[in-house]
Undergrad: 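One structure, as structure tokens, below. Some questions next.
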Amino acid sequence: MREMTYAQAINAALDRALGERAETLLYGEDVAKWGGIFGCTKGLATKYGDRVFDTPISESAILGSAVGAAMLGQRPIVEIMWIDFALVALDQLVNQAANVRYVSRGALTAPLTVRTQQGAMPGSCAQHSQNLEAFFAHTPGLVVGLPATAQDAHDMLLSAIWCDDPAIVIENRTLYFDRTEPVALDSPVAPVGGARVVREGADITVVTWSAMVRKALAAAESAASEGVDVEVIDLRWLRPLDMHTVLSSLAKTSRLMVVHEANRTGGFGAEIAARVAEDALDLLDAPVRRVAVPDSRIPAAPHLQQALIPTKEHIARELVMLGKF
Amino acid sequence: MREMTYAQAINAALDRALGERAETLLYGEDVAKWGGIFGCTKGLATKYGDRVFDTPISESAILGSAVGAAMLGQRPIVEIMWIDFALVALDQLVNQAANVRYVSRGALTAPLTVRTQQGAMPGSCAQHSQNLEAFFAHTPGLVVGLPATAQDAHDMLLSAIWCDDPAIVIENRTLYFDRTEPVALDSPVAPVGGARVVREGADITVVTWSAMVRKALAAAESAASEGVDVEVIDLRWLRPLDMHTVLSSLAKTSRLMVVHEANRTGGFGAEIAARVAEDALDLLDAPVRRVAVPDSRIPAAPHLQQALIPTKEHIARELVMLGKF
Amino acid sequence: MTAIGVLSGVAAEPGLALRERHCRALQDLDLYEAMLAIRVFEERVRELRLDGDVVGSVHLEIGQEAIPVGALLALRPGDPVFSTYRGHGWALACGSPFAAVFGELLGRETGVNGGRGGSAYFSDVAHGFYGENSIVGAGAPIACGAALAAKRAKSGAAVLTVFGDGAMNQGSVSEALNFAAALKLPVIFLCENNRYSELTLLADVVPSDQLYERGGPYRIPGVRIDGNDARTVAAAVAEAADRARAGDGPSLIEAMTERIAGHYIGDHEQYRGPGELERICADEPLVRLARNLPTADLREVQGRVAHLMRRASTSALEADLADASAVRDHLYADGALYA
Amino acid sequence: MTAIGVLSGVAAEPGLALRERHCRALQDLDLYEAMLAIRVFEERVRELRLDGDVVGSVHLEIGQEAIPVGALLALRPGDPVFSTYRGHGWALACGSPFAAVFGELLGRETGVNGGRGGSAYFSDVAHGFYGENSIVGAGAPIACGAALAAKRAKSGAAVLTVFGDGAMNQGSVSEALNFAAALKLPVIFLCENNRYSELTLLADVVPSDQLYERGGPYRIPGVRIDGNDARTVAAAVAEAADRARAGDGPSLIEAMTERIAGHYIGDHEQYRGPGELERICADEPLVRLARNLPTADLREVQGRVAHLMRRASTSALEADLADASAVRDHLYADGALYA
Ligand SMILES: Cc1ncc(C[n+]2csc(CCOP(=O)(O)OP(=O)(O)O)c2C)c(N)n1
Ligand SMILES: Cc1ncc(C[n+]2csc(CCOP(=O)(O)OP(=O)(O)O)c2C)c(N)n1
Ligand SMILES: [Mg+2]
Ligand SMILES: [Mg+2]
């Protein structure tokens, strides 16, 4: 175990992937010579030479070439600096990468990994603040993960790279540097998928992911002091989706809250709620509650962002209300 | 009332918009000189001159220029030939158009209309078969409508054009020519929004849209013969979303089915289910049921498509099962 | 009779064997035979489409056959080829068996992709055909990736990506040109300029229709060639492939041609001017080449090709429909990922 | 003292008044004053960012001021301007009041967009500033649309869109070039070539760094100019604007410059070679112009500018934070659409 930041854990995972698998490539804007705008890829170009390189600001070329290189046996790891920028080239993931294996009945595959990050940060503008995981989670053929901890930033990235299908790992930049955590670096690479109960509780199941995991955990502590015992599930992967863990928890708690930073309507929280309404309606003792950004664009000013984005206090209030329902 | 196809109704709406509003423009690939690949824009270039024009195959330029022209007071109506192609230029709708009004506090606006069409048709390939309404419905700032009838193809398009915000009208090409319907052409233009009960029934509420409306209606007839009385709601607009009509119906039926052609996970059916699980859980006497394409890419061969896409028979079976729950 | 067998008619799965051949070693009659095979294949597809055996949009390459034939004579086995939806001829030129491509269009289990791809989006990697693409321009960046892989593997492969004139206005193609040139990738950008994009004349939507110049700002050598002459195409592709294999980066070839069967089957072609079709039909590759070939030789080749295509389409028609119970297979490598 | 008042310091809301002026009518001292105003504005922004009053990514245009000043001297009121996230100077050159731009960055109700836009994505349509854009390249197609509107309205307006050197590799910019040229739109593509995109040298990701050539295949006249000289910029923009207004279509101007304050505040600029910053600082627009101006005049201008910026930033700091209760307003024209 080594103490490291989420960003350093990513770096370690990339280092391991490049070291262990000769067919990996790492590229994107600014990733090589200077190690990435967030430093996640620092030192890798020096260590791995031209397998790590900088690209022009051409997301279609980045993603498209990843598809082609993957078809020919490479295992490209490409960076889309902000998830918002994926929208200039979404075709290459949704129309191209996702189809390769299916349409060719496995004769061709596209085992590429996209690393990107998302979310609002104080001052970030409306074009750099979106949480777009729902777009990818709605795309059959893709694998979608959102690590919430340094350990998962490391492990899930490796799982994605090892995965034989196109995967997108959506990081959250508020997590990159904000603290260090002990990270185990040499465990075997796990297959993609699997949620995790990160706090046990008897009264409410909170399903959440990415940066909201910590807020939910903190809110659960507040709620505990008001007598509401909250179980928190870090969903980790949206595709494949581990409903088993969610439903097992719900069997115990009978109350469901989903928390995400994406805006509510059409967010992936809807899918969790829908699955429960379909497959486990009887388990529910109270209405499902989604805590999310209301349907709005995201303003830049921090105090305006705060008025929209669920805070720990906001989640705690909702938990207490749901617990007392 | 005039008998016309869905495609002709679109043509009539465009004709009216161009005729009544001098600030409208109509452009896209193949739309002008030869009236569009589906003939929806036939005759309009001759009638309205250079306000109707053909563009290069440049979706970013088409959508981006629509944003800019709209900011400067025009009311562009642009065509994206297949919704799948929107993915090469989604930035211009999600990062650009949707932000214009909000970020400028209304000093700038982007009243553009995108006409596009979607869905599978026998033989259509995986890159021409997707149903992507959920992407747009998840985007605050956009207006999203899916007309199911010739009358709505006309009326909703006009509502979208008259709307002072960016709107996308998603047509379905299986509806373009398959029959004629009487269409009223001169009614006042309604504001966007509003679902419609298209069949009354007491036992199950089916919420559906676009090409699935007719299948659901036909399935409802079959179910009726087995004693299940189905209410069918044509949702029409996903954004704004008329939950009032859905919940009023559900208050009567206590059973909800959502039917759509998009693949299940993350489809907009999840949102309907989630809203009900949040706001009207008590109304439900049975689990919510989503009938949708399973999470798959869409194969070209018609018999393979049929194995995935809900048919009338399939929906009817599900209705009977849900009715007997 | 001089044809030396670009049609491997004796094999179990008849197709074209162009990659192993060299253009200069072939007679005009061989070139004719290869192009005719594609032509007759597509004419048969048209019949099947009009009969309703094949459904959906079908884009024929009729009139443009000299480009795939010429190009594949210049390529080697192992050189990946990426085409557009107008790709039957490209697959065949790569060596895809006629019956397997018929089968694909017919949704047969024996189709190259078991009916998943259909006319507009199939691949046949066993023959180096990395597939069609139904998103205009999308194949260009993908081919760059294949070239990146080839470069890394030092495989000596040259990658060919084909697209239409209209595709040159798609941003992804510009990005691919710069990307390939910046990284000196072994890729050949081949633009089939048939002057039309669906219903629209290229000249109506570009300030200049000299598309080979589009590589200029990226220092990509560009040539405009007669795309209706297979030897000319082969020479240009061979030069570009040499450049690619030598590590000198991408090339852009603008092959001037005409499609003489509409954008897709069912296109009324109202956009044609008076006499236009007659004019272009008089110069299409088969007509042009046939002029100097003995009638008896032509007859023999035509007979052989017709026979093969009848056999291939019949065998495809007789094959089983793709197994619908497997329709959800192959979404992921691992079944556990379907959840 | 020769300055004739590009700083409208007496108005209620001080800002730059360039659009009404003509470059030739101005003295060097006026140009100095205008560029200095932007410089001092941004230096104050840097202080506010480092103090934590402004938060988030802030991209300064320090070193590039001659481009917005020159360009706006060549434009007329009513000519829409679209910039990138590096846009403070562009807004100011358009005439946005200093205090309102400070206010925007500070999240004040008085900010041009009440804090919704922030440093990287604000607009000020009242001054013809149609806004920044934080998606690289996205402003180019949008500007084409503005030009389309201007053309239809026969307003005689020329539209200016600004982007960086790195943006030239974004597909949407290529699409915009072709689109504008095909439609002969009155738009000026102005590329601020500061040689870097974030941490990456342009030269490392393009086969040729002669970006003005990128318009060639579209027959768009392209020039490379000294972007550190406001008069040169004004002349090039004036020529392009004349072409636009005459109906002769777009132009591409590559203005060579250097940013001397990093990609954003906090950039460690490790990518600089030894002596690089010193070299470029010796030729930055203010230093260059100051060389031939009397010290006393410079002092006076500097004093006036400093005073104005202090006043403007103070008034912004004293203004109320944007009203958070209105945070959901303006998503749609019609409240009923929020459902
Ligand atoms: C991104 C995208 N936009 C539009 C289309 C619709 N479309 C299919 S083929 C075509 C015309 C392409 O013309 P060209 O590139 O000249 O190729 P050709 O069909 O002539 O071979 C268009 C516009 C598409 N498939 N993808
Ligand atoms: C589509 C897209 N890709 C990537 C980015 C991230 N990004 C922001 S600024 C920038 C560099 C742009 O460089 P250049 O165009 O030269 O402009 P400069 O910053 O030098 O003014 C990048 C890559 C983005 N904002 N949008
Ligand atoms: Mg063409
Ligand atoms: Mg730059």
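So that the names make sense, note that chain A is the first sequence line, chain B the second, and so on, each numbered from 1. Computed over heavy atoms, backbone and side chain alike; hydrogens, waters and symmetry mates excluded.
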Undergrad: Looking at B/D295 and C/R328, what are the two nearest heavy atoms and their distance?
TA: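 Nearest heavy atoms, B/D295 then C/R328: O-NH2, 3.6 Å.
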Undergrad: What part of C/Y264 lies closer than 4.5 angstrom to a heavy atom of chain B: side chain, backbone, both or neither?
TA: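 Side chain only.
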Undergrad: Out of C/N169, C/L199, C/V55, C/D323, which one racks up the most heavy-atom pairs below 4.5 Å with chain B?
TA: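 Highest number of pairs under 4.5 Å: C/L199.
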Undergrad: Please name the pair of heavy atoms, one in C/E198 and one in B/I37, separated by the smallest distance, quoted to 0.1 Å.
TA: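 Closest approach of C/E198 to B/I37: OE1-CD1, 3.2 Å.
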Undergrad: Between chain C and each of B/A126, B/P294, B/A61, count heavy-atom pairs under 4.5 Å; write down the option with the most.
TA: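 Heavy-atom pairs under 4.5 Å are most numerous for B/P294.
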Undergrad: Considering only heavy atoms and a distance below 4.5 Å, find which of C/A322, C/G107, C/G166 pairs most often with chain B.
TA: C/A322
Undergrad: I need the residue from B/G36, B/A301, B/G35 with the largest number of non-hydrogen atom pairs under 4.5 Å to chain C.
TA: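 The candidate making the most pairs under 4.5 Å is B/A301.
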Undergrad: Count the heavy-atom pairs under 4.5 Å between each of B/H303, B/E59, B/K33 and chain C, then report the option with the highest count.
TA: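 It is B/H303.
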Undergrad: Is the closest side-chain heavy-atom distance between C/R116 and B/L304 below 4.5 Å?
TA: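 Side chain of C/R116 against side chain of B/L304, heavy atoms only: contact under 4.5 Å found.
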Undergrad: Of the non-hydrogen atoms in C/V205 and B/D54, which two are nearest, and what is the gap between them?
TA: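 Of all heavy-atom pairs spanning C/V205 and B/D54, the closest is CG1-O, 4.0 Å.
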Undergrad: To the nearest 0.5 Å, tell me how far B/I57 CD1 sits from C/M168 CE.
TA: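 Rounded to the nearest 0.5 Å, the CD1-CE separation comes to 11.5 Å.
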Undergrad: Got a sec: does the CD of C/E269 have more than 12 other heavy atoms crowding it under 6.0 Å?
TA: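 Counting neighbours around CD of C/E269, more than 12 heavy atoms of other residues, nucleotides or ligands fall under 6.0 Å, so yes.
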Undergrad: In Å, rounded to the nearest 0.5 Å, how long is the span from NE2 of C/H268 to CH2 of B/W34?
TA: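 These two atoms lie 12.5 Å from each other.
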Undergrad: Side chain, backbone, both or neither: which part of C/S57 has a non-hydrogen atom closer than 4.5 Å to chain B?
TA: neither
Undergrad: Sort C/L331 into side chain, backbone, both or neither according to what part of it lies under 4.5 angstrom from a heavy atom of chain B.
TA: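 Just its side chain gets close to chain B.
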Undergrad: Counting only non-hydrogen atoms closer than 4.5 Å, does C/N133 touch chain B with its backbone (N, CA, C, O), its side chain (CB onward), both, or neither?
TA: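 It is both, since atoms from each part get that close.
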Undergrad: Side chain from CB out, backbone as N, CA, C, O: work out which of these in B/L308 comes under 4.5 Å of a heavy atom of chain C, or both, or neither.
TA: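 For B/L308, the side chain is the part near chain C, not the backbone.
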Undergrad: How long is the straight-line distance from CG of C/D204 back to CZ of B/F53, given to the nearest 0.5 Å?
TA: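 The CZ atom of B/F53 sits 13.0 Å away from the CG atom of C/D204.
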Undergrad: Between B/A307, B/P122, B/P302, which has the largest tally of heavy atom pairs under 4.5 Å with chain C?
TA: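 That would be B/P122.
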Undergrad: Mind ranking C/S197, C/G171, C/A120, C/G118 by heavy-atom pairs under 4.5 Å with chain B and telling me who comes out on top?
TA: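 Result: the option with the highest number of such pairs is C/S197.
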Undergrad: Which residue in the set B/P299, B/C125, B/S124 passes side-chain contact (heavy atoms from CB on, under 4.5 Å) when paired with C/Y121?
TA: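 Option passing the side-chain contact (heavy atoms from CB on, under 4.5 Å) with C/Y121: B/C125.
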Undergrad: Non-hydrogen atoms of chain B under 4.5 Å away: do they reach the side chain of C/V327, the backbone, both or neither?
TA: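 Answer is both: backbone and side chain atoms of C/V327 are under 4.5 Å from chain B.
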Undergrad: At a 4.5 Å cut-off on heavy atoms, which part of B/S60 comes close to chain C: side chain, backbone, both, or neither?
TA: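 Neither part; nothing is under 4.5 Å.
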